[in-house]
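Position 1 is the first residue of the sequence; numbering continues from there.
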Amino acid sequence: MKRLTQYVLLAALAAAVLGIVLVAQPAPTDDQLLEAFDRARFVESPSFTMTVEVVADRPDGTKQAIVQLYFKEINGKRYARIEFLAPEDLKGQVYVSTPDGVFFWQPGLATPLKVSGRQQVFGDSSVSETVGIQFKGDYKVKARKDVTLPGNKAGLEVDLEATEKSVAFQKVTVTADKATLRPVKARLFALSGDPLNDVTYQEYATLDKDEYVKKQLIENQLIKTNKTLLTITKIEAKDLPNDLFDPNKLGK
């Protein structure tokens, strides 16, 4: 009887300890999820530039481009700029992504054109995918569920819905590592509900302990043979001028 009592006490103690652990590690809130998804993928510097190699695979061959991306936080909001370094025939084309929309300019245009964030930059990579889709602020969580990732790792699948009609992709499903909340894949949907692209975050890297996605693969879900790989080859923190992100200054 004494031994049985000891077993009961030990079981109760183990349950109590487990309860403490579970209380200490609550499920992340929706905002915490979105913030974690962004923090894992983006450099946190308020102003920086990066060089990205873009390789588009097609049944008829492979095409390559190099773009220079510029990022800056202005008045608490994210701005981005895309410029082509190669190929030669695309030099001069510029995209500027602002809270008011995306603007395109190239030599010969009298004024910049306002375009969708789904406008293709090169291969299957749109403006939004090239600069990186920001989840916090642009999306709200509609549902989440546990899934199993390759290697029998615990994962989390989160369905997101855009907060504004101006957001390039109105619905996104993010699959992430449950322990780290590091995104593994994002599926982007059309308004009809049909999948457009699968974005797989193939490789992460660090810059002064700041984590970011170094390599991501975009797989076209409408044309299964089309794939586009984006690889960051250089990142530099730099105080960029605000004029670089002003659509009214394009071409001037």
Side-chain angles (χ1 to χ4, degrees), residues 33-34 36-38 40-42 50-67 69 80 82 84 86-87 90 95 97 102 115-135 138-139 141-145 147-153 155-162 167-178 180-205 211-233:
L33 268 182
L34 299 178
F37 291 165
D38 287 345
R41 294 177 301 123
F42 298 128
M50 62 171 61
T51 307
V52 180
E53 179 186 73
V54 187
V55 178
D57 282 333
R58 296 292 185 270
D60 60 349
T62 299
K63 297 179 181 179
Q64 180 176 330
I66 299 176
V67 295
L69 306 183
I82 304 170
F84 279 91
L90 295 181
Y95 295 88
S97 177
V102 177
V115 298
S116 166
R118 284 173 53 183
Q119 173 74 33
Q120 287 187 332
V121 174
F122 192 82
D124 304 289
S125 189
S126 65
V127 174
S128 293
E129 290 161 288
T130 303
V131 302
I133 296 174
Q134 188 169 12
F135 296 123
D138 283 351
Y139 291 90
V141 175
K142 297 298 292 183
R144 63 169 89 177
K145 67 178 181 181
V147 294
T148 301
L149 302 177
N152 207 33
K153 294 180 64 176
L156 193 62
E157 187 176 277
V158 184
D159 293 331
L160 305 179
E161 186 176 277
V167 175
F169 300 97
Q170 290 291 295
K171 293 183 179 181
V172 179
T173 296
V174 179
T175 304
D177 184 300
K178 189 174 182 179
T180 63
L181 298 183
R182 176 193 284 178
V184 175
K185 186 176 77 171
R187 171 161 283 192
L188 314 178
F189 294 88
L191 286 173
S192 63
D194 295 323
L196 292 174
N197 286 339
D198 276 357
V199 183
T200 301
Y201 305 110
Q202 288 191 332
E203 183 180 338
Y204 282 84
E211 189 177 53
Y212 66 95
V213 170
K214 180 177 182 179
K215 188 178 293 187
Q216 57 183 339
L217 177 67
I218 300 173
E219 297 175 281
N220 192 317
Q221 296 303 295
L222 300 178
I223 308 174
K224 295 287 190 176
T225 53
N226 289 3
K227 298 180 181 181
T228 302
L229 181 67
L230 286 75
T231 304
I232 297 173
T233 59

Quiz item: Within a strict 4.5 Å, meaning less than it, do heavy atoms of the Val54 and Val121 side chains meet?
Solution: no
Quiz item: Should Leu188 and Arg118 be marked as a side chain to side chain contact (heavy atoms under 4.5 Å, CB included) after you check the CA-CA gap, both sets of side-chain angles, and the distance that decides it?
Solution: CA-CA 11 Å; Leu188 314 178; Arg118 284 173 53 183; over 6 Å; no
Self-check item: Test applied, salt bridge (Lys or Arg N to Asp or Glu O under 4.0 Å); reference residue, Asp124; option that passes from Lys227, Arg58, Lys63
Solution: Arg58
Quiz item: So, for Ala56 and Gly123, which heavy atoms are closest and what is the spacing to 0.1 Å?
Solution: CB-CA, 3.7 Å
Exercise. Working to the nearest 0.5 Å, report the span between CG of Leu149 and CD of Glu157.
Key: 10.0 Å
Quiz prompt | side chain to side chain contact (heavy atoms under 4.5 Å, CB included) evaluation trace for Leu196 with Phe169 | solution = CA-CA 9 Å; Leu196 292 174; Phe169 300 97; 3.9 Å; yes
Practice problem: Might you point out which heavy atoms bring Tyr204 and Ala40 nearest each other, and give the distance in Å? | Solution: CE2-O, 3.3 Å
Quiz item: Side chains of Val52 and Thr130: does their closest heavy-atom pair fall under 4.5 Å?
Solution: no
Practice problem: Test Thr173 against Leu160 for side chain to side chain contact (heavy atoms under 4.5 Å, CB included), laying out the working first. | Solution: CA-CA 6 Å; Thr173 296; Leu160 305 179; over 6 Å; no
Quiz item: Looking at CG of Asp38 and CG of Leu181, how far apart are the two atoms once the value is rounded to the nearest 0.5 Å?
Solution: 12.0 Å
Quiz item: Using 4.0 Å as the upper bound for N to carboxylate O, is an ion pair formed by Lys224 and Asp198?
Solution: no
Quiz item: With a 4.5 Å heavy-atom cut-off, do Met50 and Tyr212 have their side chains touching?
Solution: no
Self-check item: Side chain to side chain, Glu161 and Asp159, heavy atoms closer than 4.5 Å
Solution: no
Quiz item: Distance from Asp138 atom CG to Ile133 atom CD1, nearest 0.5 Å?
Solution: 9.5 Å
Quiz prompt | Nearest heavy-atom neighbours spanning Gln120 and Tyr95 | solution = O-OH, 3.6 Å
Quiz item: Are any non-hydrogen side-chain atoms of Gln216 and Arg41 less than 4.5 angstrom apart?
Solution: no
Practice problem: Please report the closest heavy-atom contact between Ala80 and Val131, naming both atoms and the distance. | Solution: CB-CG1, 3.8 Å
Self-check item: Which atom of Ser116 lies closest to which atom of Val127, heavy atoms considered
Solution: O-CG2, 4.5 Å
Exercise. Identify the heavy atoms of Leu222 and Pro195 that sit nearest to each other, and give their distance.
Key: CD2-O, 3.8 Å
Exercise. Decide yes or no for Glu129 and Leu230: does some side-chain heavy atom of the first lie under 4.5 Å from some side-chain heavy atom of the second?
Key: no
Practice problem: Please assess Thr228 against Asn197 for the test side chain to side chain contact (heavy atoms under 4.5 Å, CB included), listing each intermediate value before the final yes or no. | Solution: CA-CA 10 Å; Thr228 302; Asn197 286 339; over 6 Å; no
Quiz prompt | Donor-acceptor pair between Thr51 and Thr233 side chains, under 3.5 angstrom | solution = no
Quiz item: Once you round to the nearest 0.5 Å, how far does CD1 of Ile82 lie from CZ of Phe122?
Solution: 13.0 Å
Practice problem: Taking the side chain as every heavy atom from C-beta outward, state whether Phe37 and Val158 have any atom pair closer than 4.5 Å. | Solution: yes
Self-check item: Interatomic spacing from CG in Asn220 to OG in Ser125 - rounded to 0.5 Å
Solution: 11.5 Å
Quiz item: Would you call Lys171 and Tyr139 a side-chain contact if the rule is heavy atoms closer than 4.5 Å?
Solution: no
Self-check item: Gap between atom CD of Gln202 and atom OG1 of Thr231 - 0.5 Å precision
Solution: 8.0 Å
